[in-house]
There are 2 protein chains.
Amino acid sequence: MFVNDDEGLMHTTSDAVGVTSVTIRDVARAAGVSYQTVSRVINGNERVADATRQRVMAAIDELGYRPNQAARELAGKAVRSLTVLTSDTSLYGNATALRGVEEAARSAGFTVSISVLDRNATLDSEQLRARLTRPGEPVVVIAFDAAGARALELLPPDVPVAAMVERPPGVDADPRHVWLDDRLAATRATRYLLGLGHRAVHCLALPSSTARNAQRTEGWLDALREAGVDVPPPVEGGWTPRSGYLAARELLSRPDVTAVLCGNDDLALGVLRAAREAGRRVPDELSVVGFDDTPASAYLAPALTTVRLDFEGLGRTCFGLLHRLLDAAAPVQEPCAEPELIVRESSGPHRGGIG
Amino acid sequence: MFVNDDEGLMHTTSDAVGVTSVTIRDVARAAGVSYQTVSRVINGNERVADATRQRVMAAIDELGYRPNQAARELAGKAVRSLTVLTSDTSLYGNATALRGVEEAARSAGFTVSISVLDRNATLDSEQLRARLTRPGEPVVVIAFDAAGARALELLPPDVPVAAMVERPPGVDADPRHVWLDDRLAATRATRYLLGLGHRAVHCLALPSSTARNAQRTEGWLDALREAGVDVPPPVEGGWTPRSGYLAARELLSRPDVTAVLCGNDDLALGVLRAAREAGRRVPDELSVVGFDDTPASAYLAPALTTVRLDFEGLGRTCFGLLHRLLDAAAPVQEPCAEPELIVRESSGPHRGGIG
DNA sequence: CCGGCATATGTGAGCGGTCACCTCACTGTG
DNA sequence: CACAGTGAGGTGACCGCTCACATATGCCGG
């Protein structure tokens, strides 16, 4: 016997499931004015007599009128929406930056769409264009990784875009890009480790978005060169604790590794685990420093020394940039916070016994 | 002196910064047919002669034509978009569920907007409506917490909605809701702990979305009652490691606490930290079990025993529900995975000395 | 050879707004 | 008192598309 369990799911195929739409002309009729006057009222105050405006407003909320965005857009009015292009939203940096963008954008009256980039599938320019809801849709790209960077490159030149990127190498920075100065932050973190007496500081890097341009690694290099110490080859990890763990198992087989600067806190977590398994005491025999200051990092065992990065502020700033690109009169966002080294338990002078 | 640094930011106020739009009529002219025929071609195949279709298609991609969504919508065509309502996107469950929704929705041709609910600000029905891009816009609500649950309640009845919720109490479940059976999962986890010989299992709960209905806590209760052991009062935590830590400091002052079931992995992390500071060895003197199986949990010290929850699958399922609500012909999504207890290092028989 | 009925295509209107332009008072001035 | 100037409001067209209908064309059997 066949049981139809679809009962109760009846509906029209039309989009609005019974939404009776009140139009500008209904309001006009109710208020005893022409539709144009209503249009004037709903778009910032133009020259409408106060009494008339009152009547129109009254009619508007009596009838529960809401302007139809599609009609507005079609009629050529600028529409406030944007699309965020990002990879995996469950990574701390991406998620937090997204939150910043969304918050700033919504309070500026923008609708925020999101399109998640698959790290494994490379999409072409045409597919990318298809992800934008309309031609000319403004875009924010979270380009901390290769998928984001590639999307940024592929974006047609005619779309207004702002992006969060790794710090660009030279002074020829694209004015539509924002970044955290994690190069400098990495330098400081490395100096800090060297200052603790470590002869060498190793680097477990994130996959770089542009291959030539891993800023955290560069900053680490800067500090090593500055101190005139040997530069061990950086190890490339992934984004997850697992990849940090796997990379660290290898790295820690060498007794000269006493300090590791990790590309992010998740990687650092993996390193801590590997150290524990290898019997290396942290921080006595091994110092571990991360990046991001995720909410978890202060509670790890040991609590993680890390560089706090203001992804949320960066997201806000990035939106601000885009907003000003679209409308020069848009307010300038407050700048985001500087990266800050948070020293906790996972780092200290080398007191180990093995080496 | 005043320097105008706005130079180079010139633009029209119109939305499309120089987007020349090709219309259906341009295509029609190029293909030597009427605009209606073009319309037929771009909307699934109707009765158009093959030869004609070829010509139209050729014209379409020669001219780079893309249909204007606003015009389509205005003309009454169902438009495929939805808005996800969620609180803090940087929490693992929310972020992962969002990813699931986005993935499923995009592959079904939907545009996904996102609107983040502030956990502290309670918004009213009107504000909520304003967050929907258009009247009748379908909505997915991630209602794992109070903010989401409240939004779900406030949603006007005329908007098509599907939601991820805590498991509803009775059989009178709203067919538009999906959930993970974390009540059963909590029961199993608690049975597991009891099976290890713990006389009592304590519960550090998440803030419940509906106050009367914390499913993980209920499941824990079920197991305790079933085993006929005393039910200690559940402790309410927040969502973060910090809140887990603070709650645990109090909880661990009592020596009879040998096993704690935590509302999520972040809470559990805080508990592990508190245990360490209190000198309680895990798992010998204290067993800790979490929920979620975040990517970090396997790498904590000790690795966390936890219940793996398929948030991504839940997101996909939830979208599928909405999709079928809008279009009965939509394919049924594969169900998400069952919760699964992952036993790691943080739990074991009580071998402690203090108690 | 004609009606009848498919199949393939074209035509008109209108979705709900906005824009450009026009009209209509009502003022104050020489 | 005629005049321009100004503020308040109305009218027409149109944005790009889809709908419902009207119109060719082909093929069938009677």
Side-chain angles (χ1 to χ4, degrees), chain A residues 12-16 19-57 59-60 63-81 133-137, chain B residues 12-16 19-57 59-60 63-81 133-137:
Chain A
T12 63
T13 65
S14 98
D15 58 339
V19 180
T20 47
S21 70
V22 180
T23 80
I24 205 179
R25 292 170 214 253
D26 297 329
V27 175
R29 207 173 306 120
V33 294
S34 80
Y35 56 83
Q36 180 57 278
T37 301
V38 178
S39 172
R40 285 193 182 100
V41 170
I42 59 181
N43 296 294
N45 319 8
E46 239 170 302
R47 295 111 77 107
V48 181
D50 268 4
T52 315
R53 185 197 319 285
Q54 302 296 344
R55 253 186 306 144
V56 172
M57 303 248 268
I60 283 176
L63 273 60
Y65 166 79
R66 333 222 97 240
N68 177 324
Q69 286 304 327
R72 272 198 160 156
E73 184 182 337
L74 186 56
K77 186 123 213 244
V79 54
R80 309 194 126 197
S81 74
T133 46
R134 57 194 170 88
E137 163 100 341
Chain B
T12 63
T13 64
S14 98
D15 60 339
V19 180
T20 47
S21 70
V22 179
T23 80
I24 205 179
R25 292 175 212 250
D26 297 330
V27 174
R29 209 172 307 123
V33 294
S34 80
Y35 55 82
Q36 179 58 282
T37 302
V38 178
S39 173
R40 285 194 183 100
V41 171
I42 60 181
N43 299 294
N45 319 8
E46 238 171 303
R47 294 111 75 112
V48 181
D50 268 4
T52 314
R53 185 194 319 285
Q54 302 296 344
R55 255 184 307 143
V56 171
M57 304 250 267
I60 282 176
L63 271 60
Y65 166 81
R66 333 221 97 240
N68 178 324
Q69 287 304 326
R72 266 196 166 161
E73 184 182 337
L74 186 56
K77 184 122 213 240
V79 54
R80 311 193 125 197
S81 75
T133 45
R134 58 195 170 88
E137 163 100 343

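In what follows, chains are A, B, ... by sequence order, proteins preceding strands, each numbered from 1.
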Set of residues satisfying side-chain contact (heavy atoms from CB on, under 4.5 Å) with respect to Gln69(B), sequence neighbours excluded: Arg72(B), Val79(B)
Any residue meeting side-chain contact (heavy atoms from CB on, under 4.5 Å) with Ala75(B), in chain and number order, not counting sequence neighbours: none
Nearest-angstrom distance from the residue atom CD of Glu73(A) to P of dG17(C): 14 Å
Whole-Å distance separating the CZ atom of Arg29(A) from the P atom of dG16(C): 11 Å
Per-nucleotide protein contact string for nucleotides 18-25 of chain C (B base, S sugar-phosphate only, - none; heavy atom under 4.0 Å): BBB-----
Leu74(A) CG to Glu73(B) CD distance, which is reported to the nearest 0.5 Å: 10.5 Å
Spacing of Leu63(A) atom CG relative to dG16(C) atom P, expressed in whole Å: 14 Å
Taking every non-hydrogen atom, the tightest pair across Val56(A) and Val27(A): O-CG1, 4.1 Å
Over all atoms of both residues, closest heavy-atom pair of Ser21(A) and Asp26(A): O-OD2, 4.1 Å
Residue met sooner reading DNA chain C from 5', once Leu74(B) and Arg55(B) are mapped to nucleotides: Arg55(B)
Any Thr37(A) side-chain N or O less than 4.0 Å from OP1/OP2 of dA8(D): no
Protein-nucleotide distance (Asn68(A), atom CG; dC15(D), atom P), rounded to Å: 18 Å
side-chain N/O Thr52(B) vs dT9(C) OP1/OP2, d < 4.0 Å: yes
Nearest-0.5 Å distance, CD of residue Gln54(B) to CE of residue Met57(B): 6.0 Å
Minimum heavy-atom distance Ile24(B)-Tyr65(B), with the two atoms named: N-CE1, 3.6 Å
Under 4.0 angstrom between Thr23(B) side-chain N/O and dG16(D) OP1 or OP2: no
Residues in side-chain contact (heavy atoms from CB on, under 4.5 Å) contact with Gln36(A), at least two apart in sequence or another chain: Ser34(A), Ser39(A), Arg40(A)
side-chain N/O Ser21(B) vs dG16(D) OP1/OP2, d < 4.0 Å: yes
Euclidean distance, atom CZ of residue Arg53(B) to atom C1' of dT9(C) [Å, nearest integer]: 13 Å
Give me, pair by pair, the N or O atoms of the protein and of nucleotides 24-27 of chain D that are less than 3.5 Å apart, along with how far apart they are.
none

Distance-minimising heavy-atom pair for Arg53(A) and Val48(A): NH2-O, 3.2 Å
Donor-acceptor under 3.5 Å (Arg25(B) side chain, Tyr35(B) main chain): no
Angle by which the axis turns from one end of the helix from dC1(C)-dG30(D) to dG30(C)-dC1(D) to the other, five pairs per end, to 10 degrees: 60°
Which atom of Arg55(A) lies closest to which atom of Ala31(A), heavy atoms considered: NH1-O, 2.8 Å
